[in-house]
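Notes to accompany the following structure.
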Amino acid sequence: MKRASIVLGHLQTSRTAAMAEAESASPFQCSVDGVTSVIVLGASGDLAKKKIFPVLWNLFRDNLVNRSSTMFFGYARSDLSNSDVVDRFRPHIEDADEKGDDFAEFADSIKYIRGAYDEASAFKELDEALTASEEKHPCKGQGQNRIFYLALPPNVFIPVCDLVSKHALSKNGWNRVIVEKPFGRDSESYHELATALSSSLSEKQLYRIDHYLGKEMVLNMLILRFSNRIFQPLWNRSHIKCVQISFKEPFGTQGRGGYFDNYGIIRDVMQNHLMQVLTMVAMECPISDDPNHIRDEKVKVLRCIKPIELDDVVIGQYVAGDVKGDPDSKEGYLDDPSVPKGSKTATFATAVMYIRNERWEGVPFVLRCGKALNEKKAEIRIQFKDAVASPFSEETLHRNELVIRVQPKEAMYMKFLNKAPGMEFKPQASEMDLSYHLRYKNLKVPEAYERLILDVFKGSQINFVRSDELEEAWRIFTPLLKKLDAGERDPIPYAYGSRGPEESDELMEKLGYVHYKYDWSPPSAD
């Protein structure tokens, strides 16, 4: 239990304690690290305005970063002023008016620098501007640190990282660079990217962000597995029949089909988000909470998985449906004018894989993801084997299932059988439920990006992806992706608003998974 307690202590970030500590501090107090500059490269883009700057505001507002010693910068090619940058992201902040003085302080702290992404002179000028601001700061003597967030298209990752490393890194403090997915398209392109990045930056400086690793219920997997004795003897092939990890969106590409068509659902969701969740479900207990010890165990899981075969996959592409109140449902994927005519890109995929080790041999791990489906949901569903020697008829028996709802409305519930209330003596399906919105009332669960960016400030890579994790994930998927790219399997049409292709459910049935009509719904506060 000691190891699990260490993990628990590291992962459970106390938002309330951090705010209280900051509020009790003096109005101006330097961080022990000195001054930290956060530079958002690609400040004029959608990711910056919709996600990165609003998250930085949340950290600033809640005093989770030191206001006195943190500076914010935007960098892009567009001709913008400081106020233009603020005007772009302000509509995406709900409490800007409510927190008027605080927001004004945050807005005033943002400086915009214009420059190209492929010119050494531009990054030299960026460095000069950063240095000038740092030299004026009262905290400069304790260190001048820099966080670079690459909110940029993947085709400029390599030149930007090269120019940052040569011309814009701090010489008097630490440097950290956050890189967004996609991390390549296959093993070859990832190897090219990884080689280039490693020649410019050390692994310690690189933070490859996968926002699913910052989600509350994904983080909770380590606590659930290694802090609860009840699960430890059950978490193996002797008791578990099947593991299903699913991601469902109720909308299509929404005009972004041209971008999506370059990647497809497997590259966009399955190879990264769902595989990271799989490693958290299947890994062995790490020897400590050291980020590398945890990631070592994740890599061991990936190395036990063979490349996926075409026969272990169902792919689909949505066509027009008729969802009440949703006019978008009347258009299929190919009706998006930005999608190439006749595209065979998958918008749905189910893939089966097996972990060849003593714990999981023979247990199917099923990853399912898709767009334009019947609901919004991401969950982990662990179905246990049938009860042994029950005196009741098989028709009345349901398998136990542990379900971890990642989104929406974080929850964890166990399906089990109890006696039906009343005069009858027969089993009835029910659940033991931990719904976060009821158990932890008035608690604001941090956004994934919020948690992860705060980890970068702290220098913790525990929730970031290491290079060898990506190398192994691409090894598993690249042969399959090459076959799909070559058109060896056509996607199966499925209606917008449906569960996806029926062939996916048929595959699950062949694997021995039992789908019950009993459905759980998040309970209300009433």
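Throughout, residue positions are numbered sequentially from 1 according to the sequence presented.
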For the residue pair [Y] / [X], report whether a side-chain donor-acceptor contact shorter than 3.5 Å exists.
X: K215; Y: Q407; value: yes
X: Y190; Y: S467; value: yes
X: N262; Y: R267; value: no
X: N272; Y: Y212; value: no
X: Y149; Y: E180; value: yes
X: T345; Y: Y263; value: no
X: N463; Y: D455; value: yes

Discussion item. K371 vs F260, test: side chain to side chain contact (heavy atoms under 4.5 Å, CB included). Steps then yes/no.
Written reply: CA-CA 11 Å; K371 289 184 172 292; F260 180 85; 3.5 Å; yes
Discussion item. With heavy-atom distances below 4.5 Å as the criterion, would you say the side chains of D485 and K482 are in contact?
Written reply: no
Item to complete: For residues R489 and K483, determine if any side-chain heavy atom of one lies less than 4.5 Å from a side-chain heavy atom of the other.
Response: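 No; the side chains remain at least 4.5 Å from each other.
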Checking the side chain of [X] only, and the main-chain atoms of [Y] only, is there a donor and an acceptor separated by less than 3.5 Å?
X: R77; Y: G115; value: no
X: R61; Y: F106; value: no
X: S189; Y: D186; value: yes
X: N228; Y: L224; value: yes
X: R451; Y: G214; value: yes
X: E469; Y: R466; value: yes
X: R295; Y: I462; value: no
X: D336; Y: G257; value: yes
X: T279; Y: Q276; value: yes
X: R114; Y: A76; value: no

Fill in: Over 12 non-hydrogen atoms of neighbours within 6.0 angstrom of CD in E188
yes
Worksheet entry | E375 atom CD: more than 12 heavy-atom contacts under 6.0 Å | yes
Show the nearest heavy-atom pair for residues [X] and [Y], with the distance to one decimal.
X: S288; Y: I294; result: O-CG1, 4.0 Å
X: A346; Y: I315; result: CB-CB, 3.9 Å
X: R475; Y: I305; result: NH2-O, 2.9 Å
X: T350; Y: S504; result: OG1-OG, 2.7 Å
X: M270; Y: A349; result: CE-O, 3.6 Å
X: L484; Y: I266; result: CD1-CD1, 3.7 Å

Between [X] and [Y], does at least one N-O distance fall below 4.0 Å, as a salt bridge requires?
X: R88; Y: D84; answer: no
X: E361; Y: R356; answer: yes
X: K376; Y: E249; answer: no
X: D127; Y: R146; answer: yes

Worksheet entry | Worked check of side chain to side chain contact (heavy atoms under 4.5 Å, CB included) between W360 and R237 | CA-CA 5 Å; W360 296 113; R237 59 189 170 93; 5.5 Å; no
When you measure from the centre of the six-membered ring of [Y], is the NZ or CZ of [X] closer than 6.0 Å and no more than 45° off the axis?
X: K181; Y: F183; result: no
X: R176; Y: W174; result: yes
X: R67; Y: F60; result: yes

Worksheet item: Please walk me through it: do I178 and F148 pass side chain to side chain contact (heavy atoms under 4.5 Å, CB included)?
Response: CA-CA 6 Å; I178 305 173; F148 297 87; over 6 Å; no
Discussion item. Run L511 and V366 through side chain to side chain contact (heavy atoms under 4.5 Å, CB included) and show every step you take.
Written reply: CA-CA 9 Å; L511 295 171; V366 183; 3.6 Å; yes
Discussion item. Please evaluate residues E450 and K444 with respect to the criterion salt bridge (charged side-chain N to carboxylate O under 4.0 Å, His left out), reporting the C-alpha separation (whole Å), side-chain torsions for both, the decisive distance (0.1 Å), and the verdict.
Written reply: CA-CA 12 Å; E450 191 175 341; K444 180 183 180 296; 3.7 Å; yes
Worksheet item: Between F365 and Y354, is the ring centre distance below 6.0 Å?
Response: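 Aromatic pair excluded; centres sit 6.0 Å or further apart.
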Fill in: Aromatic ring proximity F123/H167, centre distance under 6.0 Å
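No; H167 has its ring centre 6.0 Å or more from that of F123.
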To the nearest 0.5 Å, what is the distance between [atom1] ([X]) and [atom2] ([Y])?
X: H211; Y: E447; atom1: NE2; atom2: CD; value: 10.0 Å
X: T131; Y: K124; atom1: OG1; atom2: NZ; value: 13.5 Å
X: K204; Y: L201; atom1: NZ; atom2: CG; value: 14.0 Å
X: E488; Y: L480; atom1: CD; atom2: CG; value: 9.5 Å
X: S338; Y: Q254; atom1: OG; atom2: CD; value: 11.5 Å
X: N220; Y: M280; atom1: CG; atom2: CE; value: 9.5 Å

Practice prompt. Could you give me the CA-CA distance, side-chain angles and deciding distance for F348 and Y494, then say whether ring pair (Phe, Tyr, Trp, His ring centres under 6.0 Å) is met?
Written response: CA-CA 9 Å; F348 175 97; Y494 65 95; 5.7 Å; yes
Worksheet item: So among V243, I380, L367, which one has a side-chain contact (heavy atoms from CB on, under 4.5 Å) with L278?
Response: L367
Discussion item. Classify the ring geometry of F89 against F53: parallel below 30°, tilted from 30° to 60°, perpendicular beyond 60°.
Written reply: parallel
Item to complete: Would you mind telling me which of R359, K298, R225 makes a side-chain hydrogen bond (donor to acceptor under 3.5 Å, both in side chains) with E284?
Response: R359
Fill in: salt bridge (charged side-chain N to carboxylate O under 4.0 Å, His left out) between R185 and E192, worked out
CA-CA 11 Å; R185 290 179 50 82; E192 180 184 354; over 6 Å; no
Practice prompt. Take E134 and S37, measure what side-chain hydrogen bond (donor to acceptor under 3.5 Å, both in side chains) needs, and give me the verdict at the end.
Written response: CA-CA 8 Å; E134 291 163 348; S37 299; 3.2 Å; yes
